[in-house]
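Worksheet for the structure shown next.
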There are 2 protein chains.
Amino acid sequence: MRIGELARRAGTTTRTLRYYESRGLLAARRGENGYRSYDEEDLRLLRQIKTLQDFGFELEETRPFVECLRSGQPEGDACPASIETYRRKLAELDACLARLQDVRERLRVQLARAERRSHGPAGAAGAPRGGAAAPEPRCELAGPAPAVTEEGARPWT
Amino acid sequence: MRIGELARRAGTTTRTLRYYESRGLLAARRGENGYRSYDEEDLRLLRQIKTLQDFGFELEETRPFVECLRSGQPEGDACPASIETYRRKLAELDACLARLQDVRERLRVQLARAERRSHGPAGAAGAPRGGAAAPEPRCELAGPAPAVTEEGARPWT
DNA sequence: GTAGACCTTGACGCCGACGTCCGGGCAAGC
DNA sequence: GCTTGCCCGGACGTCGGCGTCAAGGTCTAC
């Protein structure tokens, strides 16, 4: 299959695929006309990458998994390097969670204090009021995957 | 005081101060020679900004607090807009924590499965072994503040 | 007068993971 | 032949929060 189809099936873009190729992940064969050619294996590699990215892995960190798959393993995390990466990532996540929880608590306290102060004392200035449509959570983790569109039947469109 | 001194006292750099000025936070008076001139109030503004940044606030999100202080309030979070920002941030943090915890759990499960598989079956390839010096936690929150250097007595140096 | 420490503005660099645009080639249907 | 749709590579843009360098002005001490 060509790059456009692979991109659609993987729920990504051609630009992304070319980018991955430039980074050395996901090499493509070429047809006579120079077009990139992919197979089902490549789709699996791509899905592995996407899954890990959803877990907050950086592109580089998905490399062990991709190479593991390419080495013939049925699962990207069947190799020691992949498992090691899992462990590192888990540790990072724990450190991250600890920090965020600490900050959350401190922020909560600050808010409580500020609210207490603003209840009694003077300084009445109309509050912003009304839901201002939350802007962006920001977790550097990308929301709950936007659903991978499989090629077949797409009633919408 | 001039920009260099303020930067030192606030534990930041002159570049940062000029950047804040360009963003409309922290305006400076100018001396006859064109040099920026700051006072203790500015130091307070800066500290407010730093504190919030440590909490993961983006620069723009510190604006309500800074303006609150400039309006004469004794505390940057004494204004409704600041409190509103606290609330938004707290909500964001909660959403972020929920996502991270979910990811953590999924990652933990994946790791456990991968480890189980790699215990029995073949595929013995020397594991990386040895601590590889943790690279970078990444929380977008900046570690536990590097201690603000106050101008007076500095035995080191 | 001259070295050194400080200040000024302006502009480019960085990082990650792509988005977007450009000019041009290729393939298929009408 | 012409349009439409896909493909190619190259290059610049994005975002936040500054770092870093360049070329020059200012003030102080010796």
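Naming convention: chains lettered A, B, ... in sequence-line order (proteins, then strands); numbering from 1 in each chain.
Between the CZ atom of A:Arg15 and the P atom of D:dG13 there is a distance of 14 Å, given to the nearest Å. Counting to the nearest Å, the C1' atom of D:dG17 and the CD1 atom of B:Ile49 are 13 Å from each other. Atom CG in B:Leu17 sits roughly 14 Å away from atom C1' in D:dG19 (whole-Å rounding). Residue A:Glu32 contributes atom CD, which lies 17 Å from atom P of D:dC7 at whole-angstrom precision. In this entry the distance linking CZ of A:Phe57 with P of C:dA17 reads 13 Å, nearest Å. Atom P of nucleotide C:dG13 and atom OH of B:Tyr19 are separated by 18 Å, given to the nearest angstrom. In this structure, the CD atom of A:Glu60 is 9 Å from the P atom of C:dG16, given to the nearest Å. In this structure, A:Arg23 atom CZ and C:dC18 atom P are separated by 12 Å, rounded to whole Å.
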Show, in sequence, the C-alpha distance, side-chain angles and deciding distance for A:Thr51 and A:Arg47, and conclude whether the side-chain hydrogen bond (donor to acceptor under 3.5 Å, both in side chains) test is met.
CA-CA 6 Å; A:Thr51 301; A:Arg47 290 199 169 128; over 6 Å; no
Test B:Gln101 against B:Arg104 for side-chain hydrogen bond (donor to acceptor under 3.5 Å, both in side chains), laying out the working first.
CA-CA 5 Å; B:Gln101 269 154 0; B:Arg104 195 210 108 95; over 6 Å; no
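Between D:dC6 and A:Arg2, no contact under 4.0 Å exists linking OP1 or OP2 to a side-chain N or O. Remark: B:Arg36 is in phosphate contact with C:dT8, judged by side-chain N or O atoms under 4.0 Å from OP1 or OP2. Between D:dC27 and B:Asn33, a contact under 4.0 Å exists linking OP1 or OP2 to a side-chain N or O. Close to D:dG19, at under 4.0 Å from its OP1 or OP2, lies a side-chain N or O of B:Thr16.
For B:Thr13, the listed nucleotide lying nearest its side chain is D:dG19; candidates were D:dC6, D:dG19, C:dA17. Minimum atom distance to the side chain of B:Tyr20 is reached by D:dC18, of the listed C:dT9, D:dC18, C:dC18. Across C:dG19, C:dA17, D:dC18, the shortest atom-to-atom separation from the side chain of B:Gln53 is found for D:dC18.
Under the side chain to side chain contact (heavy atoms under 4.5 Å, CB included) test applied with B:Arg36, the options B:Arg30, B:Arg2, B:Arg29 reduce to a single match, B:Arg30.
Base contact: B:Arg18 has a heavy atom under 4.0 Å from a base atom.
Comparing the start and finish of the helix from C:dG1-D:dC30 to C:dC30-D:dG1, five pairs each, the helix axis swings through 40°, to the nearest 10 degrees.
Hydrophobic clustering of Ile, Leu, Val, Met, Phe, Trp and Tyr side chains at less than 4.5 Å, counting indirect connections, unites A:Leu97 with A:Leu107.
Annotation: A:Tyr86 is not in aromatic contact with A:Phe55 [ring centroid separation under 6.0 Å not met].
Figure legend: B:Lys89 and B:Phe57 shown as a cation-pi pair, the cationic atom lying under 6.0 angstrom from the six-membered ring centre and within 45 degrees of its axis.
By the 6.0 Å contact criterion, CZ on A:Arg87 is enclosed, its count of non-hydrogen atoms from other residues, nucleotides or ligands being greater than 12.
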